[in-house]
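Okay, structure first, notes after.
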Amino acid sequence: MPFKARLSALLALASCSAACLLQEPARAAGDEPVAAELASLSTLSIEELLRTEVSSVLKHPSELAQAPAATTVLRREDIQRLGATTLPDLLRTVPGLHVAQIDGNKWGVSARGFNGFFGGKLLVLIDGRSIYNSIYSGVFWDAYDIALDDIARIEVVRGPGAALWGANAVNGVINIVTRSAHETQGGQATLAVGNVEKGMANVRWGSTTEEGGAWRLYARSRSRDDHQSLTGSGAGDTWRADRIGFRADSAAGSDTWMVNGEAYQGHSGGAPYPLSTANDISGQHLLGRLSRRLGDGSQLQVQSYVDHSWRREPSSGAVLEETVADVDLQHTVNLNPAHRLVWGGGWRQYRFDSVSSAKLSFSPVSSQRTVTNLFVQDEWSVIPETLQIIAGAKLERVPDHGSEWQPNLRVVWNAAAGHTLWAGTARAVRSPNQVDTAIRFNGPGVGPLPAVGNPAFRPERLRSLEAGWRVQLTPNLSSDVSVYQNHYKDLQTIEFDGASSMMYFNNAQGRTRGLEWALDWQAAAHWQLRGGFTLYREALDYSSRPAGPALISFQGGFPREQLFIRSLWDLSRNQRLDLTWRGVGPMDQRGVAGYGTFDLRWTRRLDRRSEISLIGRNLLGPKHREFGDQPFFQETVLRRELSVVLSWGF
């Protein structure tokens, strides 16, 4: 189906869904408490932080304090008070993650090593929908400009999650959970303007039906200025995006459902060869989920989505198009008081199409592959409320690469009141992508020679050992520390093929190890301090010495040390001041010096549902770059960013 036809079909479906909902008599938003979107979010106590719900670790809701993995949850309060302007910026204060902005619309986001725009060992989901791109095993972050007020929480799980989430959940899983339509009633408008944020407007309206269901519609548009190249000139990497979408949720009951959809289009300028300001990115998705509570206390859930993305690569003129169709089934059942079983399976189909240019092409230009999986996990309470063992595995079949068995074993021990110790071991793989197997790139990239894919490229493999200690030291102080050691085989290398090109091979191995520490302190009734520290080491080498020029992909792409300190201060009932200092160590192999920077957010409540905010980012220190020596892209430097944001409800 042509792109325009797909877009028209999705818009028609969204309009039809909205029209059906609008036909139901809606309750007036009025001044009911549920409509107070911008009501002040008081700082959560340390005990409340540890009781935060998390569902990505075990695939069902549980408390953060009992999570058997290195887990950080960015709650709605964190999201509002960080002063972030994009999704990647929200993740900068998560221990164990490295976020590096490459240019005005491209980021590298990674957990526990191997960062880069093409880094592919981190699985990212929005409401359980994978936004992991099979073209290069990463995320096009410029395509996911979610209104931050519509996010309920972001769950970040470091370490392998393949036993539940499948191949590519190698070093971590990020699950972005949006708010129910019941939580976004009435109207809200947000405007922002600044030196980098040239203009952003977001409008949302939500209401309820007589049956107790709820819905919201939204429209969003933003335009961001370009960055500077290392020579001081403009990089031509402006970013503009426009989108419309909806979400609907049923009333609470034994049977519940949710459906959401979105369509977007925009422009992402591409260094080093910007072409024009015409639309060069677009996409649509439609997702539905049905949950049923059964009589024996178990729960059955079915989720399905269709996701289509299209983009013209500015640096080459080639067109990349992907359509993903997915169906997942999950059954959670309490076998007896000591055993909870979660099992299920899924089917996913990827359809890839491309239009070649002189610089970039794929062979074949179109392809289709289907991935199927089955998984099971048993949670065994060996000693109720004291000792628990979690064991599970996923069997995933990928065409041309056979079946991959990805097991997981974890232990949780509540050693004493407020003290949780956990340990785990797991195996995970990263499946080959279109770049690994089919790319033909003739422009400046990894060297003077063209880069070509290798149809015989195999999955990358990981064996992991990790452990952690989560403790509430006092009513006002908590600590969360984790350590890990990862062993990798068949890592991606780019080597001279003996003829005229650089080709992708599985000719590297090695290990990484690290420490991640987070500390939360309620220093006073209206003042909270949070901090985090990341220590990382890697030792990678070739499995066999290459015969010619070669490199190990993503080697040296993760800083050895990172540190942040946050201050959340309620100045008064109507004013808040939030400060963040971040320090990032050097990446010598990438030619990037360490840097420290300072972010600020000041907010003034104007009335019950309106507020104004002043946001400053990268305020201290010289202009700096966050990533270097990135193939296919021009290096840019980050500058100071100031913006004013006005939000009001109606």
Side-chain angles (χ1 to χ4, degrees), residues 41-78 81 93-97 152-159 161 172 175 337-340 379-391 408-425 465-484 514-535 563-570:
L41 294 170
S42 59
T43 304
L44 296 175
S45 69
I46 298 301
E47 291 182 347
E48 289 172 324
L49 293 175
L50 293 174
R51 289 199 301 267
T52 299
E53 179 182 297
V54 58
S55 58
S56 302
V57 180
L58 300 174
K59 267 205 167 183
H60 63 75
S62 61
E63 287 188 356
L64 174 61
Q66 302 300 314
T71 307
T72 298
V73 180
L74 297 177
R75 308 149 192 90
R76 186 165 173 245
E77 178 198 22
D78 296 310
R81 302 189 68 161
T93 58
V94 176
L97 290 193
R153 64 185 184 277
I154 300 177
E155 302 176 0
V156 182
V157 184
R158 284 102 61 198
N175 189 14
H339 288 272
R340 172 183 285 174
E379 301 169 34
W380 177 24
S381 295
V382 182
I383 304 175
E385 300 183 0
T386 301
L387 181 63
Q388 186 180 43
I389 297 176
I390 299 102
N408 175 61
L409 177 65
R410 295 182 180 272
V411 178
V412 184
W413 178 33
N414 295 316
H419 293 254
T420 300
L421 299 170
W422 62 268
T425 181
L465 292 170
E466 54 182 337
W469 175 35
R470 193 175 292 115
V471 56
Q472 184 172 347
L473 297 168
T474 72
N476 296 323
L477 183 65
S478 71
S479 171
D480 189 349
V481 62
S482 59
V483 294
Y484 65 90
L515 177 146
E516 301 153 353
W517 183 31
L519 196 67
D520 292 332
W521 178 34
Q522 189 72 46
H526 302 288
W527 184 32
Q528 191 172 103
L529 292 172
R530 300 179 185 175
F533 176 69
T534 300
L535 185 68
L563 174 68
F564 76 86
I565 301 174
R566 293 187 61 200
S567 168
L568 289 76
W569 187 11
D570 294 337

How far apart are the closest heavy atoms of [X] and [Y], and which atoms are they?
{"X": "Pro95", "Y": "Thr72", "value": "CD-OG1, 4.1 Å"}
{"X": "Leu519", "Y": "Ser478", "value": "CD1-O, 3.2 Å"}
{"X": "Thr420", "Y": "Ala65", "value": "OG1-O, 3.2 Å"}
{"X": "Asp78", "Y": "Arg566", "value": "OD1-NH1, 3.6 Å"}
{"X": "Trp527", "Y": "Ser567", "value": "NE1-OG, 2.8 Å"}

With heavy-atom distances below 4.5 Å as the criterion, would you say the side chains of [X] and [Y] are in contact?
{"X": "Ser482", "Y": "Trp422", "answer": "yes"}
{"X": "Arg530", "Y": "Thr93", "answer": "no"}
{"X": "Val411", "Y": "Pro68", "answer": "no"}

| Residue of the set Leu515, Ile565, Val481 for which side chain to side chain contact (heavy atoms under 4.5 Å, CB included) holds with Phe533 | Leu515
What distance do [X] atom [atom1] and [Y] atom [atom2] have between them, rounded to the nearest 0.5 Å?
{"X": "Trp413", "Y": "Leu387", "atom1": "CH2", "atom2": "CG", "answer": "9.0 Å"}
{"X": "Asp480", "Y": "Asp520", "atom1": "CG", "atom2": "CG", "answer": "9.0 Å"}
{"X": "Leu477", "Y": "Leu529", "atom1": "CG", "atom2": "CG", "answer": "10.5 Å"}
{"X": "Leu473", "Y": "Trp521", "atom1": "CG", "atom2": "CH2", "answer": "13.0 Å"}
{"X": "Arg76", "Y": "Leu74", "atom1": "CZ", "atom2": "CG", "answer": "14.0 Å"}

| query | With distance as the sole test, does Arg470 use its side chain to make a donor-acceptor pair with the main-chain N or O of Ala67 at under 3.5 Å? | reply | yes
| message | Tell me if a side-chain donor or acceptor on Arg158 pairs with a main-chain N or O of Gly96 at a distance below 3.5 Å. | response | no
| request: Using the side-chain hydrogen bond (donor to acceptor under 3.5 Å, both in side chains) rule, pick out the option among Arg75, Glu63, Glu155, Arg153 that qualifies with Thr52. | output: Arg75
| request: May I have the step-by-step check of side chain to side chain contact (heavy atoms under 4.5 Å, CB included) for Val471 and Leu421, ending in yes or no? | output: CA-CA 9 Å; Val471 56; Leu421 299 170; over 6 Å; no
| request: Could you go through the salt bridge (Lys or Arg N to Asp or Glu O under 4.0 Å) check for Arg410 and Glu379 one step at a time? | output: CA-CA 9 Å; Arg410 295 182 180 272; Glu379 301 169 34; over 6 Å; no
| said: If we count only N and O atoms by modelled type, under 3.5 Å, do the side chains of Gln388 and Asn414 hold a donor and an acceptor together? | reply: no
| said: I'd like to know if the side chain of Arg340 pairs up with that of Ser381 as donor and acceptor (distance under 3.5 Å, no hydrogens or angles considered). | reply: no
